[in-house]
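Ligands are counted one by one from 1 in listed order, and the atoms in each one are counted from 1 as well. What you see is a predicted model, and the numbers here were worked out from it, not measured in a lab.
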Amino acid sequence: MYNEIDLDKIDINSEPPTEEPARQYYFMAKCREWVREFEEKHGRRPTACTQTFGCQMNARDSEKLKGILLQAGFEEGDEEADFVLYNTCTVRDNANQKVYGHLGHLQALKKKNPHMKIGLCGCMMQEPEAVEKIRRSYGFVDLIFGTHNIFKLAELFYQCLARKEMVVDVWDGTDQTVEQLPAKRKYSFKSGVNIMYGCDNFCSYCIVPYVRGRERSRRPEEILAEIRRLAADGVKEVMLLGQNVNSYGKKLEEPVSFAELLRQVNEVEGIRRIRFMTSHPKDLSDELIAAMRDCKKVCRHLHLPLQSGSSRILKIMNRRYTKEQYLELTDRIRQAMPDISLTTDIIVGFPGETEEDFAETLDVVRRVRYDSAFTFIYSKRTGTPAAAMEDQVPGEIVKDRFDRLLRLVQKISSEVSMRDAKTVQEVLVESENDHQKGYVSGRLGNNLLVHFPGDVSLIGRIVPVKLVEPKGFYYIGRLASEADDMQDNR
Ligand code: SAH
Ligand code: SF4
Ligand code: F3S
């Protein structure tokens with residue numbers, strides 16, 4: 001992670017160093033020089049804005065990108081900033097469409113401010129077709145890079161300053177992870193921590209392995225050192241991030257299981273809550289269930305993507321578990337932790353999905369009774385095996401199934417997710433409430449939102465809250481007094 005270094009001590013008139021991260025510090029210092037010139041000319045510092053599309057992994061990458069920009073001297077700005085950087089997602093087509101939509105808007109802004117620089121990075125940029133389309137139809141974009149070289153932002157931006165034409169630097173893959181760079185956390189009190197990058201699972205519908213590359217785990221010492229530093233900096237909650245955390249560490253020189261890592265993170269002083277994302281059911285071990293049960297700081301919440309309830313479809317999806325194995329796994333988890341919240345991801349309309357297959361999905365939803373579920377309409381991703389499959393399901397059938405699934409998920413969710421009503425639970429206070437003055441909002445261990453009267457001094461603290469009013473998907477509460485019983489919750 002980042003140790004403050006004095007950029008002003010770097011000799012920017014010498015040749016850039018070849019090794020990382022020294023090279024990037026050099027370019028941050030170069031950018032700073034440009035920032036000073038900008039400031040002299042315009043009477044203000046240049047502003048930068050990073051916007052994230054996509055998952056927690058991208059959100060964490062954006063914090064690193066923002067860290068680099070602030071270090072280089074930029075001030076934080078909005079969409080009208082001097083440098084706007086979109087960190088893109090391509091998991092479903094609507095993620096791509098959103099980016100194209102926003103680009104149209106940026107073009108108009110750039111006409112007003114011709115000095116504005118526009119950058120695109122992230123998963124969508126790993127697709128040659130997308131880059132080609134941007135070159136062809138969005139020539140006003142200044143900078144494109146991918147998922148493997150975000151650490152190079154300072155160097156790439158500096159290149160951009162000197163060049164009129166688009167700078168494009170997209171890598172096919174990497175075994176290089178450059179970690180010792182700044183990051184600007186969105187929240188002072190919680191942070192994502194990458195424990196691994198990439199994915200080797202190749203679920204047949206999914207583009208992630210193609211745009212994020214092969215699975216690479218960070219060494220536990222590095223992860224723990226980062227978490228200790230975060231704790232020292234006031235972070236109370238960490239979210240361990242990986243596309244499949246359950247296969248963490250298997251390929252390290254000295255293999256370490258995810259369960260072992262979890263136990264070690266649990267020992268870090270100052271950290272009060274541990275979450276992780278995402279667990280693949282095929283790799284979820286009894287050892288992990290035991291670690292979750294034993295570790296007091298691990299939140300009683302597990303996101304366990306189902307994708308489909310039909311064993312036949314699961315096989316074609318290359319998920320490598322059956323409906324029965326999934327159900328048996330959730331039984332084992334609930335036996336060990338009866339109070340656990342389970343959430344999931346489900347895809348509707350995978351090629352060849354029949355009404356019978358879909359009925360199996362509904363059946364699993366009824367049996368598991370998820371606290372909540374993200375439901376997605378299958379989106380064809382070029383280059384994945386599923387895109388070439390015959391039998392793509394017609395749109396209106398998919399829509400009908402999607403609506404039925406959503407209704408069921410919501411009905412069950414409203415029944416189960418309010419089970420803590422009237423109890424006192426620990427809440428990590430996150431922000432002022434946008435809608436109601438004098439209220440703050442925070443999260444329970446199982447991730448549900450709670451709004452209650454309170455002031456900003458509570459933000460970042462974990463406080464006991466009585467969950468007075470269940471509202472279906474969130475609670476209204478009040479700070480608990482000593483007279484209220486405290487439950488053992490996480
Ligand atoms: N690594 C995680 C998920 C990453 S993508 C896992 O394996 O669970 C997040 C979710 O997007 C997936 O769980 C899946 O439900 C959905 N998804 C991925 N590809 C999709 C596609 N082509 N169409 C629709 N949904 C998709
Ligand atoms: Fe995609 Fe499957 Fe990897 Fe998740 S495990 S990122 S769904 S290929
Ligand atoms: Fe999207 Fe990339 Fe995440 S495709 S879901 S941002 S890994």
Side-chain angles (χ1 to χ4, degrees), residues 50-62 65 86-99 120-127 130 146-148 150 192 194-216 240-248 276-284 302-309 313-314 316-321 326 342-351 353 361 365 370 372-389 392-393 395 398 401-402 405 409:
T50 53
Q51 198 168 330
T52 314
F53 300 79
C55 65
Q56 317 257 8
M57 234 78 54
N58 254 22
R60 180 63 184 151
D61 284 351
S62 293
L65 293 163
Y86 286 168
N87 192 7
T88 64
C89 169
T90 185
V91 74
R92 289 169 291 275
D93 188 52
N94 53 10
N96 302 46
Q97 295 315 321
K98 243 192 238 166
V99 171
L120 297 173
C121 64
C123 296
M124 192 174 145
M125 299 306 119
Q126 291 294 139
E127 293 189 280
T147 56
H148 301 297
I150 60 164
N194 298 106
I195 64 166
M196 59 207 297
Y197 299 96
C199 180
D200 283 351
N201 287 305
F202 291 94
C203 302
S204 64
Y205 50 82
C206 183
I207 192 93
V208 172
Y210 304 88
V211 296
R212 284 274 172 180
R214 295 293 58 73
E215 188 181 291
R216 307 169 299 282
L240 309 178
L241 297 172
Q243 292 299 349
N244 176 13
V245 293
N246 299 339
S247 67
Y248 169 79
F276 52 87
M277 243 340 192
T278 302
S279 269
H280 195 306
K282 81 176 162 67
D283 297 310
L284 202 154
L302 183 66
H303 186 65
L304 194 63
L306 168 68
Q307 313 301 3
S308 167
I313 294 289
L314 284 168
I316 314 173
M317 284 179 161
N318 193 28
R319 289 291 288 179
R320 287 173 277 173
Y321 52 85
Y326 185 96
L342 291 175
T343 57
T344 200
D345 292 347
I346 299 171
I347 298 176
V348 179
F350 183 82
E353 183 189 77
T361 299
V365 170
Y370 296 103
S372 72
F374 294 103
T375 51
F376 304 110
I377 287 183
Y378 167 73
S379 172
K380 193 169 168 174
R381 307 317 288 139
T382 311
T384 61
M389 288 176 193
Q392 304 278 331
V393 184
V398 180
R401 285 182 194 160
F402 182 82
L405 175 65
V409 160

Can you confirm whether the side chains of Ser247 and Glu215 place a donor and an acceptor under 3.5 Å from each other? yes
Check if Ile347 has a non-hydrogen atom at a distance under 4.0 Å from any atom of ligand 1. yes
Quick check on Ile377 - does any of its heavy atoms sit under 4.0 Å from an atom of ligand 1? yes
Examine the side chains of Asn194 and Arg216 and answer whether a donor and an acceptor come within less than 3.5 Å of each other. no
Would you tell me whether Glu127 and Thr90 have side-chain atoms, one donor and one acceptor, within less than 3.5 Å of each other? yes
Pull out every atom of ligand 2 sitting under 4.0 Å from any heavy atom of Pro209, numbered as shown with elements. 8 (S)
If the cut-off is 2.8 Å, does any N/O/S atom of Cys199 fall short of it from atom 2 (Fe) of ligand 2? no
Min N/O separation Ser379 to ligand 1 under 3.5 Å: yes
Is there a nitrogen or oxygen of His280 sitting under 3.5 Å from a nitrogen or oxygen of ligand 1? no
Any chance the side chains of Asn318 and Ser204 put a donor and an acceptor closer than 3.5 Å? no
Cys206, Gly54, Ala59, Cys89: member with heavy atom nearest to atom 1 (Fe) of ligand 3: Cys89
Would Arg381 count as being in polar contact with ligand 1, using the rule that some N or O on each side must be under 3.5 angstrom apart? no
Heavy-atom nearest neighbour in the protein, as seen from atom 17 (N) of ligand 1, with distance rounded to 0.1 Å: Arg92 NH1, 3.5 Å
Atom 3 (Fe) of ligand 3: nearest protein contact (heavy atom, Å): Cys55 SG, 2.3 Å
Ranked by distance from atom 2 (Fe) of ligand 3, the top protein heavy atom is Cys123 SG, 2.2 Å
Which atoms of ligand 3 have any heavy atom of Asn58 under 4.0 Å away? 6 (S)
Please could you name the atoms of ligand 1 that Arg319 approaches to less than 4.0 Å, counting only its heavy atoms? 7 (O)
So which protein heavy atom does atom 2 (Fe) of ligand 2 come closest to, and at what separation? Cys203 SG, 2.2 Å
Number the atoms of ligand 2 from 1 as they appear, then name those within less than 4.0 Å of a heavy atom of Phe202, with their elements. 8 (S)
Below 4.0 Å from any atom of ligand 1, is there a heavy atom belonging to Val91? yes
Would you check if the side chain of Tyr378 reaches a backbone N or O of Tyr205 as a donor-acceptor pair within less than 3.5 Å? no
Option whose closest heavy atom lies nearest to atom 7 (S) of ligand 3, chosen from Met124, Gln243, Glu127, Gln126: Gln243
Return yes when Arg319 approaches ligand 2 closer than 4.0 angstrom through a heavy atom, no otherwise. yes
Check for me whether Met317 has a heavy atom closer than 4.0 Å to any atom of ligand 1. no
What are the atoms of ligand 2, with element, lying closer than 4.0 Å to any heavy atom of Val208? 6 (S)
Could you tell me which atoms of ligand 1, counted from 1 in the order shown, lie closer than 4.0 angstrom to a heavy atom of Tyr378? 23 (N), 24 (C)
Mind checking whether Gln307 has an N or O less than 3.5 Å away from an N or O of ligand 1? yes
So the atoms of ligand 2 within less than 4.0 Å of a heavy atom of His280 turn out to be 5 (S)
Under 30°, 30 to 60°, or over 60°: which ring-plane class applies to Tyr321 and Tyr326, parallel, tilted or perpendicular? tilted
So does Asp61 pair up with Arg212, basic N to acidic O under 4.0 Å? yes
Starting from atom 1 (Fe) of ligand 2, locate the nearest protein heavy atom and write down its residue, its atom name and how far away it is, to 0.1 Å. Cys206 SG, 2.3 Å
Could you go through the ring pair (Phe, Tyr, Trp, His ring centres under 6.0 Å) check for Phe402 and Phe376 one step at a time? CA-CA 8 Å; Phe402 182 82; Phe376 304 110; 8.6 Å; no
